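First the structure, in the form of structure tokens, and then the observations on it.
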Amino acid sequence: MKKKMKDENKILMMLAFFSVSIGLWGNFRQLWLQDNQFSVTQISNIISIGTFISIVGIALIGKYVTLNKLKNTVTFVLIIKFINMLALYYLNGTSKIELINLTIVIDIIMEYIMITSIYPLITTIVKNNTIYSKRKLTEYLFRDIGILLGGIFIGKSMAGILINYNTCLIISNIFLVISIITMMNIKINHSEEKQKKKDSMFKYLLKSKIVLWYVLDVFVGTMAMSTALGLKMLTLTNYFAFSDNIATNYLLLVGLLADAIGILALKYVTPKNDYITITIKFGIRFIGYIIAFISNNLIITLIAITWSLLISTAYENICDGVCGK
């Protein structure tokens, strides 16, 4: 049991370093692209393509990668992301647009696959009612720490080196290296039941109405969220005229408050009043977006964006996770 707990903590530690990396780099990725002469439309297209291909990649991994191969797959994904980010570092300031397009898409794909694979990986060691929430809490908390580091150092000069978006990229890659080393030191020993061909992901979705409706809900909800807030930093810096420091501090503060609200929701909100959480997330958000659209007022739009960010973690902590049999 102690060994299982030790390996569980190692996975959470690996996730913590990975999340710091994501918070540090992901927060400035859009601005890095803008600095490399990409328009908002081009950036939006790149992120959309990367996200779409990620869905395909996750589906293929879910169908073909068995649990006893998951650790090696995750390690491989981390290494590919590390090499890809090194390439991005050296592509900065160049006119190699197509290569930058490709590397950004790969970066997004590896990030999504990695985050999606953490929960199945950790359940090969331990399964209980709190592990999903611990995984989410670790991811969000350390992602915010990454955003905090970026907010503190961006634009500052240290040892004669100006901390810019490309510097944040390489610092992010250092945390990624630590997560790779941690991942390689995790030993996962478990006996896996033989999988039957009929138990494919698609047949599982089709035979379970609850899971099917849940997947559709997540798909539509995520698409709506990405449409409204897929370009958070560009929205804040271009539309609201925030500086990168102010935009980062805003996202950090809202993220920390969202984490706190998520913890409270996890403690006090149960499935018995889950319709309330759905109404709070989608109903009030819908009304806020409609009012912001009609009014075309910056303050109202900022309030609508802030509410969406604040309530998202609480909803995920309550409604996301694996459906029991």
Side-chain angles (χ1 to χ4, degrees), residues 7-29 32 46-91 99-126 131-132 134-136 138-140 142-143 146 168-190 192 195 201 218 222 226 320 322:
D7 287 334
E8 172 198 343
N9 291 334
K10 281 184 180 179
I11 292 179
L12 291 176
M13 187 184 303
M14 179 275 295
L15 176 61
F17 286 118
F18 180 78
S19 298
V20 171
S21 175
I22 293 302
L24 189 57
W25 163 237
N27 188 52
F28 294 119
R29 182 165 52 202
W32 184 93
I46 294 170
I47 293 174
S48 298
I49 292 169
T51 304
F52 177 77
I53 299 176
S54 299
I55 296 170
V56 177
I58 291 167
L60 291 173
I61 287 177
K63 184 173 179 62
Y64 294 109
V65 176
T66 54
L67 290 176
N68 60 346
K69 295 179 181 177
L70 189 56
K71 183 212 166 182
N72 290 338
T73 302
V74 170
T75 305
F76 177 75
V77 167
L78 285 171
I79 292 172
I80 291 297
K81 182 168 172 60
F82 166 73
I83 295 171
N84 190 68
M85 286 179 67
L86 277 182
L88 277 170
Y89 177 79
Y90 289 107
L91 285 170
L99 276 177
I100 293 176
N101 279 334
L102 177 62
T103 47
I104 288 292
V105 168
I106 293 173
D107 184 58
I108 293 170
I109 294 170
M110 296 301 108
E111 180 179 321
Y112 272 102
I113 290 176
M114 178 63 194
I115 290 297
T116 308
S117 301
I118 289 295
Y119 183 72
L121 179 67
I122 203 168
T123 54
T124 61
I125 296 174
V126 60
I131 191 61
Y132 181 81
K134 287 172 69 175
R135 172 256 180 199
K136 277 289 184 183
T138 301
E139 178 189 340
Y140 289 149
F142 284 91
R143 179 199 60 192
C168 286
L169 189 160
I170 205 65
I171 296 173
S172 170
N173 224 13
I174 293 172
F175 282 100
L176 189 57
V177 170
I178 300 173
S179 71
I180 292 172
I181 294 171
T182 308
M183 187 72 228
M184 288 179 170
N185 281 283
I186 298 171
K187 296 189 188 302
I188 298 177
N189 299 311
H190 60 88
E192 182 184 12
Q195 295 178 338
M201 176 186 63
V218 170
T222 303
S226 298
D320 285 7
V322 178

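What you are looking at is a predicted structure, and each value in this text was computed from that prediction instead of being measured.
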_Working for side chain to side chain contact (heavy atoms under 4.5 Å, CB included), residues Val105 and Asn101_ = CA-CA 6 Å; Val105 168; Asn101 279 334; 5.6 Å; no
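- Counting heavy atoms from C-beta outward, Asn84 and Met110 have side chains that stay 4.5 Å or more apart.
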*Worked check of side chain to side chain contact (heavy atoms under 4.5 Å, CB included) between Lys81 and Asp107*: CA-CA 6 Å; Lys81 182 168 172 60; Asp107 184 58; 2.4 Å; yes
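- Between Phe76 and Ile113, the closest side-chain pair of non-hydrogen atoms is not below 4.5 Å.
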*Carefully, step by step, assess Leu70 and Ser117 under the rule side chain to side chain contact (heavy atoms under 4.5 Å, CB included).*
CA-CA 8 Å; Leu70 189 56; Ser117 301; 4.3 Å; yes
*Given the rule in the side chain to side chain contact (heavy atoms under 4.5 Å, CB included) test, do Ile46 and Arg29 qualify, once you have shown the distances and angles that lead to the verdict?*
CA-CA 11 Å; Ile46 294 170; Arg29 182 165 52 202; over 6 Å; no
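- Across all their heavy atoms, Lys10 and Thr182 have their closest contact at O-CG2, 3.5 Å.
- Closest approach of Leu169 to Trp32, counting heavy atoms only: CD1-NE1, 4.0 Å.
- The CZ atom of Arg143 lies 9.0 Å from the CD1 atom of Ile115; values are rounded to the nearest 0.5 Å.
- With rounding to the nearest 0.5 Å, the separation of CD1 in Ile104 from CG in Leu99 is 12.0 Å.
- Going from atom CD1 of Ile178 over to atom CG of Asn173 covers 11.0 Å, rounded to the nearest 0.5 Å.
- A distance of 11.5 Å separates OG of Ser21 from CZ of Phe17, quoted to the nearest 0.5 Å.
- Side-chain contact between Leu88 and Trp25: present, with at least one pair of heavy atoms (C-beta onward) separated by less than 4.5 Å.
- Taking CD1 of Ile170 as the reference point, atom CD1 of Ile174 lies at 6.5 Å (rounded to 0.5 Å).
- Listed for the Asn185 side chain is a donor-acceptor partner under 3.5 Å among the backbone atoms of Ile181.
- Atom-to-atom distance recorded for Met114:CE and Leu78:CG is 4.0 Å, nearest 0.5 angstrom.
- Under the rule for a ring-ring contact (aromatic ring centres under 6.0 Å, His included), the partners of Phe28 that lie at least two apart in sequence or sit in another chain are Tyr165.
- Of the possible polar contacts, none joining the Ser172 side chain to the Cys168 backbone as a donor-acceptor pair under 3.5 Å is found.
- With Met14 as the partner, the side chain to side chain contact (heavy atoms under 4.5 Å, CB included) test is satisfied by one option alone out of Ile118, Thr75, Ile180: Ile118.
- The closest side-chain heavy-atom distance from Thr138 to Ser19 is not below 4.5 Å.
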